[in-house]
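Contents: one structure, followed by commentary.
Only this structure's heavy atoms are used, side chains among them; waters, hydrogens and symmetry mates stay out. Remember, predicted model here, so these are calculated numbers, not experimental data. The chains referred to below are lettered A, B, ... by the order of the sequence lines, with proteins before strands, and numbering in each begins at 1.
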Amino acid sequence: MENGLISVDRWAKGSSAYFLTHLHSDHTIGLSSSWSYAPLFCSRLTAKLLPFKFPDFDLSLVRILDTGSWHTLSPSPAFPATLHVFAIDACHCPGSIMLVFRGEFGCRLYTGDFRWEPSCEKARKAREMLVDVVKDDVVDVVYLDNTYSNPIYDFPSRQLAANRIIDIISSHPDHDIIIGINTLGKEDLLLQIARALKIKIWVWPERLQTMHLLGFHDIFTTNTTLTRVRAVPQYSFSIDTLEALNTMRPTIGIMPSALPWVKKSLQKGELLSGSFLTSRFKRGRMSENGVQIDKQIGNTGPLDKFHEYIYSVPYSDHSNFAEIEDFIRLVHPATLKGIVSSSSCYIEPMYYFGRLCRVNQPIRRQLHNMHKRVEAVSPKISFGGDNVKSERNKGKNLKGKFLGVRVSKLSIYRRRQRGVKIVEDNSLDQD
DNA sequence: GCGATCAGTT
DNA sequence: CACAACTGATCGC
């Protein structure tokens with residue numbers, strides 16, 4: 001397999017520069033404390049958090065990409081090309097960025113994981129920044145966070161979901177509250193809860209350290225006697241946990257996640273015809289006045305009750321279908337590639353968004369026609385993880401058949417790694 | 001011990 | 001069932 005000049009969220013040897021969009025573990029497969037192949041570019045906040053995840057990481061490799069300005073890598077023995085890169089807040093988790101690259105290969109945008117809601121001020125600013133960056137150029141390729149690039153995925157803004165969660169908590173004034181979170185992300189949700197209910201929030205000790213690194217000093221605590229709201233690792237959040245807790249004190253759990261809600265719709269057989277939840281949230285989104293709608297949503301019945309003690313609220317850090325569509329319309333790239341391909345609901349992004357691309361239109365470069373396209377002798381860039389099924393998996397599947405075990409077709413495609421390889425058109429390396 | 005991969009969990 | 005994100009077991013070195 002070819003290695004490119006640069007890699008994004010991909011940590012195999014062979015590139016001259018590596019880019020990290022954010023610190024979730026599905027984007028750091030292959031990265032470790034002892035990794036040292038080449039300089040690593042990331043946001044300031046990611047750089048700050050990096051040693052916490054990888055304690056002995058060689059920090060002399062780290063290069064900060066502040067958002068809002070171009071950074072240039074000039075030719076040198078270590079980096080044999082000129083590359084311009086621009087980082088923009090992806091609003092996915094603290095430190096997350098999307099990246100615009102300009103080089104011999106043209107202009108390419110790697111979204112990383114992102115959520116840009118129209119109602120989010122930070123996202124609006126990021127969006128303006130992107131408009132400014134690409135306004136005089138054509139984006140040749142968008143590498144897209146296509147996690148939910150299927151119209152069946154429709155869920156409300158994080159603001160609406162947060163309000164729903166706050167309502168659930170305030171309607172259980174005598175209950176302890178457990179909220180499942182991961183090692184990074186959903187801080188805004190917890191902040192809003194703390195602010196709205198004027199309470200502190202318990203987190204586990206490592207998470208408190210993260211909160212301190214993120215600059216939150218007075219909101220979180222590791223002292224259970226100071227608050228009835230606790231954010232716990234999602235991994236330790238289960239029906240059993242909640243049932244055990246309820247033998248001690250009345251406790252409810254809240255799962256801030258988009259998917260159980262999809263599941264619920266599926267169970268009701270309403271998914272394909274448009275679920276009641278979908279239409280409910282659509283009404284909310286179409287309204288001009290978000291605040292009033294918040295209350296409407298918040299006051300609706302226990303539609304998100306998942307279990308006797310558990311509520312599931314569709315709080316997602318990935319863009320929903322409508323937001324992705326809006327994003328593609330905005331960027332209007334020549335073509336698109338998904339960075340996730342393991343989903344059973346996966347549909348080639350061009351299927352839905354191809355009409356928003358320029359593939360069938362004349363591509364006219366304007367100001368930044370920096371170069372002619374050189375016939376690539378070899379791929380110049382290789383981004384992200386590859387999403388090609390491995391020989392090993394194929395073998396495993398065959399074995400399954402041989403033993404008469406019914407192996408899910410999906411298992412062949414199971415890939416946890418995120419990201420994509422970027423190579424020159426028509427020069428895809430074969431595995 | 002380390003990294004890579006697989007299996008399994010919410 | 002699925003998803004993203006994570007933990008833990010296992011294998012090879």
Side-chain angles (χ1 to χ4, degrees), chain A residues 9-13 21-37 53-56 92-93 96 112-115 145-150 152-155 178-186 204 206-207 210 231-243 253-267 269 271-272 306-307 309-321 338-347 385-386 389-397 399-400 405-419:
Chain A
D9 293 346
R10 185 170 189 278
W11 308 102
K13 198 175 168 112
T21 61
H22 65 288
L23 270 173
H24 279 157
S25 55
D26 47 344
H27 291 256
T28 56
I29 296 166
L31 193 57
S32 67
S33 286
S34 57
W35 184 95
S36 63
Y37 294 144
K53 193 174 179 96
F54 302 113
D56 298 322
H92 169 70
C93 72
S96 66
D113 290 352
F114 79 104
R115 183 151 197 201
D145 171 15
N146 56 318
T147 307
Y148 296 129
S149 71
N150 183 319
I152 65 168
Y153 294 119
D154 185 19
F155 39 79
I178 298 292
I179 302 171
I181 60 168
N182 284 328
T183 55
L184 194 61
K186 302 195 170 41
W204 63 101
E206 294 81 4
R207 197 59 157 98
T210 304
V232 304
Q234 208 143 55
Y235 193 64
S236 73
F237 183 111
S238 68
I239 291 174
D240 286 350
T241 310
L242 265 295
E243 284 177 350
I254 298 172
M255 298 169 58
S257 162
L259 278 137
W261 159 77
V262 170
K263 177 180 178 178
K264 187 169 181 174
S265 301
L266 257 177
Q267 282 169 348
L271 192 58
L272 296 176
F306 182 78
H307 170 268
Y309 304 127
I310 299 179
Y311 290 80
S312 167
V313 179
Y315 188 103
S316 170
D317 287 321
H318 293 270
S319 293
N320 66 26
F321 182 79
I339 64 176
V340 189
S341 66
S342 63
S343 165
S344 64
C345 296
Y346 177 77
I347 298 176
D386 78 63
K389 54 197 178 218
S390 66
E391 290 299 329
R392 188 166 182 155
N393 272 347
K394 285 188 224 169
K396 195 148 190 145
N397 191 41
K399 187 177 172 189
V405 178
R406 197 163 152 68
V407 177
S408 163
K409 286 177 197 165
L410 294 174
S411 67
I412 314 171
Y413 300 104
R414 275 174 61 167
R415 296 288 298 208
R416 268 74 202 270
Q417 188 168 342
R418 308 284 301 231

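- Taking atom CG of A/Asp26 as the reference point, atom C1' of C/dT7 lies 14 Å away to the nearest angstrom.
- Among residues two or more places apart in sequence or in another chain, the ring pair (Phe, Tyr, Trp, His ring centres under 6.0 Å) test is passed with A/Phe54 by none.
- Using a 4.0 Å heavy-atom criterion, one finds that A/Gly30 contacts the sugar-phosphate atoms exclusively.
- The side-chain heavy atoms of A/Pro256 and A/Val313, taken from C-beta on, include no pair separated by under 4.5 Å.
- Whole-Å rounding puts the A/Asp9 CG to C/dA4 C1' distance at 14 Å.
- A/Tyr37 places its OH atom 9 Å from the P atom of B/dG3, with the value rounded to the nearest Å.
- The minimum heavy-atom distance between A/Ala231 and A/Ile181, with the atom names listed, is CB-CD1, 3.7 Å.
- Taking atom NZ on A/Lys186 and atom P on C/dA4, their separation rounds to 12 Å, with Å as the unit.
- At the heavy-atom level, A/Thr183 lies under 4.0 Å from the strands shown only through sugar-phosphate atoms.
- To the nearest 0.5 Å, atom CG of residue A/Asp113 and atom CG of residue A/Asp317 are 9.0 Å apart.
- The interatomic distance linking A/Asn182 (CG) with C/dC3 (C1') rounds to 12 Å, in whole Å.
- Nucleic acid contact class of A/His22 (heavy atoms, under 4.0 Å, all strands): none.
- Listed nucleotides: B/dC2, C/dC3, C/dA5. Nearest to the side chain of A/Ser34: B/dC2.
- Nearest to the side chain of A/Ser32, among C/dC3, B/dT9, B/dG3, sits B/dG3.
- Computed from coordinates, the A/Ile29 CD1 to C/dG8 C1' distance equals 15 Å when rounded to whole Å.
- We find that NE2 of A/His92 is positioned 10 Å from P of C/dA4, with the value rounded to whole Å.
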